Engineer: 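Here it is, the structure in full.
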Amino acid sequence: MKEYNHKDIESKWQKYWAENQINLTKNEFDKPKYYVLDMFPYPSGQGLHVGHPKGYIATDIISRYKKLKGFNVLHPMGWDAFGLPAENYALKNKTHPNKTTSENVVKFKKQLEIIGLDYDWSREINTTDPKYYKWTQWIFLKLYEKGLAYESNEPINWCPSCKTGLAQEDLEDGKCERCGSVVEKRPIRQWVLKIRDYADRLLADLKDLDWPESIKESQKNWIGRSEGTELSFDILVNGQKIADKLDVFTTRVDTIFGVTYAVLAPEHPLVQKLAIQNRDEVDAYLQEIKSKSEIERTAEGKEKTGVELKGVKIVNPVNQREVPLWIADYVLAQYGTGAVMAVPAHDSRDLEFATKFNLEIKKVIETNNADQTIDGVLINSGEFDGLESKEAREKITAKFGQKKVTYKLRDWVFSRQRYWGEPIPLVHCEKCGVVPVPESELPVVLPEVESYEPTGTGESPLAGIHEWVNTTCPGCGGPAKRETNTMPQWAGSSWYYLRFMDPNNDEQIFDKEIEKYWAPVDFYVGGAEHATRHLIYARFWHKVLFDLGVVSTAEPFKKLQSVGLIMAADGRKMSKRWNNVVNPNDIVDQFGADTLRIFEMFLGPFEKSANWNTESIIGPRRFLERVWNLQSRIVVDLEDSHELKIKLNQAIKKVGNDIENINFNTAISEMMILINFLETQKEISKESYLKLIQILSPFAPHLAEEIWQSQNASISVFKSTWPSYDESLTKDEKQIIPIQINGKVRAKIEVDADMAEDEITQKALENKDILKWIDQKEVKKVIYIKGKILSIVI
Ligand code: ANZ
Ligand code: ZN
C-alpha cells in the first residue's frame, strides 16, 4: 500500500473539486436549505495566521455535513475591504488602496484554498467593488427616504490622529479603537442614522435568537434601556427666576426629597448660557477635563472633580427647596438630559462627590439592610412618607414629572472624513438643499485622488477633487456639490450576507424569491468582539429592510456561535509585534491541510480560547495515518463482528450529534476510539470502513475523498449521503446485575452497560420482588459495584 502523501492528495482533490464545480450552489427551491456563514475578513497585508481559519474550518465542517445530510447549502466567502488599514498603508507607500486591496485578496484567497474550504467562489463579493457598493448606497437612500438619516452638527467623537469623526461603537475605553488616541469632542457636519428608533425592537427580538447569552447580554447593556422620570427644576440666577429650566432624568424619583444639589455635564448648553459669577474657574475646569475619556470620567471610585456654578440655585419642585448647581465630569452630556438631581444619601457616585465637596447628605429612604442605594420605605418626604419606593415613584411622577425611557445607545454617526469608503449618494444644491442621487445614477463611484491624506478640517480628501464634487442637481438641474463624506467601515458588512444569496444581480439588490428561499442565515460563526458593533448594525439595517418589505425575516442571523481565539504558544495574541505568528501555509506544507483542520478542531471546546502548539500537531497527523493504514485490513463482503457494528453505529450517531452541537473535539475523540478498536481487528468490511470515511470527510476532506474514490465509486464522497445508524446498535450489550438485600441475592435485573448508579438503584427499587422484600422498611444504604452487584441494606 502507498504511503499517506498529503501533498499529492490535497492538490489533486482541490483541483478536482474546482474543475468539477463540486462546491457550486444552485438555487434548488425544492430542496431544504441551509445557510452557513463566516464573518468575512478584512484582507490585511499580513495575510492569515493559524488563528484565523478556526472559524472557517468550523463552518466548512457544518457545510459539508449538511450537504451529506441532503441540504442545499449556501457557504460563501467575500471581503470586507474598505477601511482605514488599507488607506493608511496607501498613504505610507503611495499606492492606491484599490491595488493593495486586490493584492491582499489574492493572497487571502490562496491561503483559504489550500485549507480545502468548500466555499462557492462563484458568489465571492468585495465591498469595494462598485457593483457591490451600488447597493450599499441604495440602502442608504432607503434610510434617507424613510427619514432615518439626518444631518447634524452636534459635537461628536473625533480622532485627532485618524482625523475623522467616529461612532460610539468605534471607541474602546473612550479611545479610538483603531489607533488608541484619546478622542476629542468636535462639532463637525455629519450624517447620522437613527438606530435609536429601533432600540426597543433590537432589544425585544433578542429573545428569539439562538445566540450565546453573553452576546445577548452585551447587546442589552449596549442598548442600555432605562425607565425613569423626567422632571423640571426652576433656575434662580442671583435670586431671580429665569426662563430656562433644568431638566433631569432619574430612575429614583422616590429619592427626590433627598436632593441636596444638582449637577450638569460640563458640555451642557446651560453652562455657557447662565450668568455665573465664577466664569474663569469654570473655563479652567472645562480645559482640564478635555483629555479624559468617558470611562475615566464616570468610573465609580475615581476621584471626583467639579465646580459649583456660583450665583445659581435650582428649586426642587416637590418642596421648593433651593439647592446649589454644580458641573462635574461624572455626568455625561449624552445620557438622559445631561443633568442629574443628586441624592448623596442613596447614590454612591453622588455620595463620593458630596463627601469630597462637603455637601449635605439627607436620608429619605429607610432600607432594610446596610445598602442605602436600594428601594425601601420613604421618610422625610412629606405627604409620601411611609410609601414603598415603587409606589412612591408612580405617585411622584404623576404629580411632578413624566415617565421617560432613555437608552445608552447613541444614534449611529455614519460619515467619515476619509477617502477609502463608499461615497454617500447625496448632493447639496443651493436651491433644493440636500437631494438624493437618483437610483438610476448609482453607483456614485469613488473617484481617483492625488492624495489620500485626511485633511483634518472635517472634510474628506474627496472635497479637493473639484471635477467630481461639482455636479448638477438632480432636482433643478442647477449647480450642486456632491457630499464628500464617505461611509464607515461597518456599512458594507451590515448587509453582505444578503448579497451572497444573489451576488451577480445587476437589476436589483437581490431577487425576492431567492431571498425568501435562503433567508435567514441559519448559522453564523465569528469573533465575539463583534457583539456590539457589526452585530447591532446588521440587525438594525435588516429591520429597516424588513419594514420596507425588502427582506422576509425580522432577524438576519438565527443561530450565532463565537469562536475562541487561538493564542500563540507564549499565551499572547498572535502578532507581528511579538514575533509569534504561525503561518497556516507552513503547517499545511509540512503536515497537510487535513491535519491542520483536525488539529484546530481538537484544541478544546470550540468557543474557548487555546494556545497553539506546533509539537502536538503530530497527534492529529498520526490519527490520519492510522485511518489511512486501515485500508490494508479491508475485505469486501465480510460480516463484521457484533462489537464492531456497535462501535461503528455509536460513532456515526455521536459524530453527527457532536457536529450539530459544535462539539468538534469530542467528535474527533469518538473517531479516535473507533480507530483504536478497528486496529484490534484483523479484517474490517469495506462497507464499515467507508462509513468511517464518510463521517470523517467533513473534518479531513482530502484524505476522505482519496480513499472514497480509490476504494469505491469515482464520484465525490461529498455527493454521497451521511450514513444512517441503527439505534439498537448504538448501545453496548445489556448486563445482568444481581440485587442483594441484607447480604442475600433476591433478584436479578437487566440494565444497559453504561447505566449510571442512581438509574440502576431506581430500577432495582421498582423491581416487584425487591419491593416485596423491602416491604415498607426503611432503606438504610445502597452500595453498587459497577457491573457486578447492587447491595441494599434495610
Ligand atoms: C437621582 C438618583 C438617586 C439616581 C438615586 C440614582 C440613585 P441608569 O440606571 O444607568 O439609567 N444619571 C442620569 N443622567 C445621567 C448622566 N447624563 N450622567 C450620569 N449619570 C446620570 O442610571 C440612571 C441614573 O443615573 C439617574 O437616576 C441619575 O441618578 C443618573 F438614589 O437620579 B439618579
Ligand atoms: Zn484614530
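We count ligands from 1, going down the list as the structure has it; atoms in each ligand are counted the same way. Since the structure is predicted, the reported quantities are computational estimates derived from the model, not experimental observations.
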Engineer: Would you tell me which option among Y335, Y407, Y330 has the nearest heavy-atom contact to atom 19 (C) of ligand 1?
Structural biologist: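 Going through Y335, Y407, Y330 one by one, Y330 has the nearest heavy atom to atom 19 (C) of ligand 1.
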Engineer: Looking at M341, which atoms of ligand 1 are within less than 4.0 Å of one of its heavy atoms?
Structural biologist: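 So the answer, numbered in order with elements, is 1 (C), 32 (O).
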Engineer: Do any N/O atoms on S226 end up under 3.5 angstrom from N/O atoms on ligand 1?
Structural biologist: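 Yes.
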Engineer: Would you call R252-D375 a salt bridge at under 4.0 Å N-O?
Structural biologist: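 Yes, charged N to carboxylate O under 4.0 Å.
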Engineer: Determine whether any heavy atom of T373 lies closer than 4.0 Å to an atom of ligand 1.
Structural biologist: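 The answer is no, since T373 has no heavy atom less than 4.0 Å from ligand 1.
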Engineer: Are any of the N/O atoms in T251 less than 3.5 Å from those in ligand 1?
Structural biologist: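 Between T251 and ligand 1, an N or O pair is found under 3.5 Å apart.
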Engineer: Which residue in the set R321, K313, K245 passes salt bridge (Lys or Arg N to Asp or Glu O under 4.0 Å) when paired with D234?
Structural biologist: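 With D234 as partner, R321, K313, K245 yield a single salt bridge (Lys or Arg N to Asp or Glu O under 4.0 Å), made by K245.
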Engineer: Using a strict cut-off of 4.0 Å, indicate which atoms of ligand 1 neighbour a heavy atom of V331.
Structural biologist: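 Contacts of ligand 1 toward V331, numbered from 1: 16 (C), 17 (N), 18 (N), 19 (C).
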Engineer: Please confirm whether T250 comes within less than 3.5 Å of ligand 1 when only nitrogen or oxygen atoms on both sides are compared.
Structural biologist: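 Between T250 and ligand 1, an N or O pair is found under 3.5 Å apart.
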Engineer: Provide the number and element of each atom of ligand 1 under 4.0 Å from a heavy atom of H346.
Structural biologist: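 It comes down to these atoms of ligand 1: 5 (C), 31 (F).
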Engineer: Which atoms of ligand 1 sit under 4.0 Å from any heavy atom of F249?
Structural biologist: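 The list of qualifying atoms is 13 (C), 26 (C), 28 (C).
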Engineer: In chain order, what residues pass the ring pair (Phe, Tyr, Trp, His ring centres under 6.0 Å) check against Y335, with sequence neighbours excluded?
Structural biologist: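 Listed in chain order: nothing, the list is empty.
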Engineer: Just distances here: any N/O of V340 and N/O of ligand 1 closer than 3.5 Å?
Structural biologist: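 N/O-N/O distance under 3.5 Å: no.
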Engineer: Can you check which of D347, D329, I256 brings a heavy atom nearest to atom 29 (O) of ligand 1?
Structural biologist: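 That would be D347.
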Engineer: So which of T255, I374, D375 gets nearest to atom 3 (C) of ligand 1, if we judge by its closest heavy atom?
Structural biologist: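 It is T255 whose heavy atom sits nearest to atom 3 (C) of ligand 1.
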Engineer: Got more than 12 heavy atoms from elsewhere within 6.0 Å of NZ, K146?
Structural biologist: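 Counting neighbours around NZ of K146, more than 12 heavy atoms of other residues, nucleotides or ligands fall under 6.0 Å, so yes.
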Engineer: Counting only heavy atoms not in K356 (residues, nucleotides, ligands), do more than 12 fall under 6.0 Å from its NZ?
Structural biologist: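 Buried by this count: over 12 neighbours within 6.0 Å.
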Engineer: Taking all non-hydrogen atoms of both residues into account, name the closest pair between W412 and I195 and its distance.
Structural biologist: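 Nearest heavy atoms, W412 then I195: N-CG2, 3.8 Å.
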Engineer: Need the ligand 1 atom indices (1-based, order shown) with element for anything under 4.0 Å from a heavy-atom of V343.
Structural biologist: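 Within the 4.0 Å cut-off of V343, ligand 1 contributes 3 (C).
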Engineer: Write down the atom of I365, the atom of I379, and the distance for their closest heavy-atom approach.
Structural biologist: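 Here I365 and I379 meet closest at N-CG1, 3.9 Å.
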Engineer: For H542, what residues pass the ring pair (Phe, Tyr, Trp, His ring centres under 6.0 Å) criterion, not counting sequence neighbours?
Structural biologist: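 Residues passing ring pair (Phe, Tyr, Trp, His ring centres under 6.0 Å) with H542: Y497.
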Engineer: Are any of the N or O atoms of K408 closer than 3.5 Å to those of ligand 1?
Structural biologist: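 Yes; the residue has a nitrogen or oxygen that sits under 3.5 Å from a nitrogen or oxygen of the ligand.
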Engineer: Answer with yes or no after comparing the ring centroid distance for F357 and Y261 against a 6.0 Å cut-off, counting only values under it.
Structural biologist: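 No.
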